[in-house]
Amino acid sequence: MMTLDTIYVKDFQIQDDAAAIRAALQRAVETNADFVVFEPRRYILQSEITFRTDGFEHDAGSSKQDSKMCHIVIQGARSLTLLGAVDEQGNPATVLVGSNNGQVHSYLPAILWCEDCDQLTVQNIAFTREPEFASAGVVLRKDDTHIWVEVFEGNPCSDRMGCYCMNRFDPETGALTGESVTYGGGAGALWELVGPNQLMLQSADVASKVHVGEHLSWHQGAQTDFQTYFARCNQLKLLNLRTFNANGFCMLTESCKGIHADRIVFQPDGNRLFTAPRDAWKLFKCSGDILINEMIIEGVRMDGQNMHSTWLELSRIESRQEAVFFCKHTFASLETGSVVELWQEEDIYPLTIAKWQHEGKGERGHYYRIWFEQVLPDTAQTGMLGTASCWELDRYICKDSQFTNIAGAGHLVRYDHLLILNCKYKNIMNPGILLGAELPVHSEGGHATDIVIKDCEFDNCGFFPRYGASGCIGIKSAGFSGKFNTDIILMNNSMKNSEIGVHAIDAHHVYLIGNTFEGVEIPLQQDEEVNGTILSMNQQGLRD
């Protein structure tokens, strides 16, 4: 039973559903209400507002814009719960339907954009686009320069639809197969409507990669956009949520401290095959404890869950204990008393922040002036990389979760202190779990250490390499070569139907205990040049 501190969306009948929800949320924040309650129905979101934010630029492909069109914005809420309804099976019966203008490769209004909230809970809500941003069908015929596709019932079928992030599927098993047919750049051509539920695409490149009878999925566009977004929302709870369809990243959490997620599902409805053209859930510069239980991710391009901070790069040494660093992408506060680890190849120098200040914005990034309690190492020089502990997790636990048909990695891990327990990875284009940093393009750090992967199942993973790493579990830091990813325990995992089981490249102190390999050509492949310590015992299918 709700208390007097409850706001009901049904009590606000203005303009459209989006405006009504915004009014209910404004009342809730103004009165410090505990709950905003939604009905068990579809809320059609049409109106939008322009929200000024610095939280848009996250990677090399992001827009430089300083505002975002949003259907619903929450800012500065305290101890607020957005409470949807459930059906008889316990699934979300409240659906927030974001608009789609049908333009090719366009940005769309975020459905839910939240900043600077404490103890925010979002529960029993589903998210989608209408018309849907994705479509799917079967290849009827092809020649050297064209393909003809019959679109599955219920999927969008329109003239001049985009053809981004296309992927192939086995018509018998429904398994994702091979490399992506098109990526974020699209096919270089648009679909042409040639009959009822039939499309034709003129592209020699696409025609060379697909086969008659295969199932295909594709997307209207592939911009770096965020359908649901949470920034600086501490002690965030995400409970029983579902994303059916998204136009970019399904969800991004940025600089949040402490997240509890239970029954978060990113999965297409109907016979659409794919959910989104980008990652399902990106954890960016988050800290504290992240606890995830019973998450399902199906059909995304690229990664299921991508977690990382961003490298600090030493720009200028001011004194023995003072330096200026540059960091790409969005601004995030540092914390006095926290540690910055400076990397000199494989050597680490931990330094405690005595004080710091924002030194201003540079080209697609920000400068930080930091005073340390300790002196900089004698080897310190311009270009030296650092990781800020306050931008990384204290502990990440993901258990009892499933990752299926992902045209990237299931888990992309650039953090420390992870426990991945009893999770399943099936039909994953890159490694099911890929451990390691990235430097050349997106500057995503840091390396992965103190990792436990236990009681997990991998099936048909890593059939297309990422940064040169393949297999069920890959360990590689892009732009580096050395013993960077360390203290990794792989225990009691099942790996099958994959060319490589564990591909250990930039790896050291890796322990394989009690794993099984079935239909795996190379259970363990180690980089001889790096020559890290890889120990194994009690393996089935791997000679000790």
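None of the values given here were measured: they were computed from a predicted structure.
Residues Met251 and Thr243 fail the side-chain proximity criterion, which asks for heavy atoms closer than 4.5 Å. A heavy-atom distance below 4.5 Å is not found between the side chains of Gln402 and Glu298. No side-chain heavy atom of Phe464 sits under 4.5 Å from any side-chain heavy atom of Arg466. Residues Leu96 and His71 form no side-chain contact, since every pair of their non-hydrogen atoms from C-beta on lies 4.5 Å or further apart. Within the 4.5 Å cutoff, the side chain of Leu82 has heavy atoms near those of the Ile74 side chain. No side-chain heavy atom of Leu342 sits less than 4.5 Å from a side-chain heavy atom of Leu314.
The pair Arg232-Asp116 meets the salt-bridge criterion, since a charged nitrogen lies less than 4.0 angstrom from a carboxylate oxygen. Salt-bridge annotation for Lys483 and Asp527: absent, with no side-chain N of the basic residue lying under 4.0 Å from a carboxylate O of the acidic one.
Between Ala409 and Asp303, the shortest heavy-atom distance links the atoms N-OD1, 2.8 Å. Residues Val29 and Ala77 share a closest heavy-atom pair of CG2-CB, 4.1 Å. Listed here is the closest heavy atom pair of His366 and Thr330: CD2-C, 3.9 Å.
Annotation: Glu518, atom CD; neighbour count of heavy atoms from other residues, nucleotides and ligands within 6.0 Å does not exceed 12. Within 6.0 Å of CG in Asp347 there are more than 12 heavy atoms belonging to other residues, nucleotides or ligands. Surrounding CZ of Arg320 are at most 12 heavy atoms belonging to other residues, nucleotides or ligands under 6.0 Å away. More than 12 heavy atoms of other residues, nucleotides or ligands lie within 6.0 Å of CD in Glu318, so this atom counts as buried by the packing criterion.
Under the rule for a side-chain contact (heavy atoms from CB on, under 4.5 Å), the partners of Ser79 that lie at least two apart in sequence or sit in another chain are Gln119. Every ring-ring contact (aromatic ring centres under 6.0 Å, His included) that Tyr164 has, sequence neighbours left out, goes to His105. For Tyr349, there are no ring-ring contact (aromatic ring centres under 6.0 Å, His included) partners at least two apart in sequence or on another chain.
A distance below 6.0 Å separates the ring centres of His447 and Trp311. In this structure, Phe284 has its ring center under 6.0 Å from that of His308. If you look at Tyr425 and Phe403, their ring centroids are closer than 6.0 Å.
Below 30°, between 30° and 60°, or above 60°: for His411 and Tyr396 the angle between ring planes is above 60°, a perpendicular geometry.
Rounded to the nearest 0.5 angstrom, Lys424 NZ and Asp400 CG are separated by 9.5 Å.
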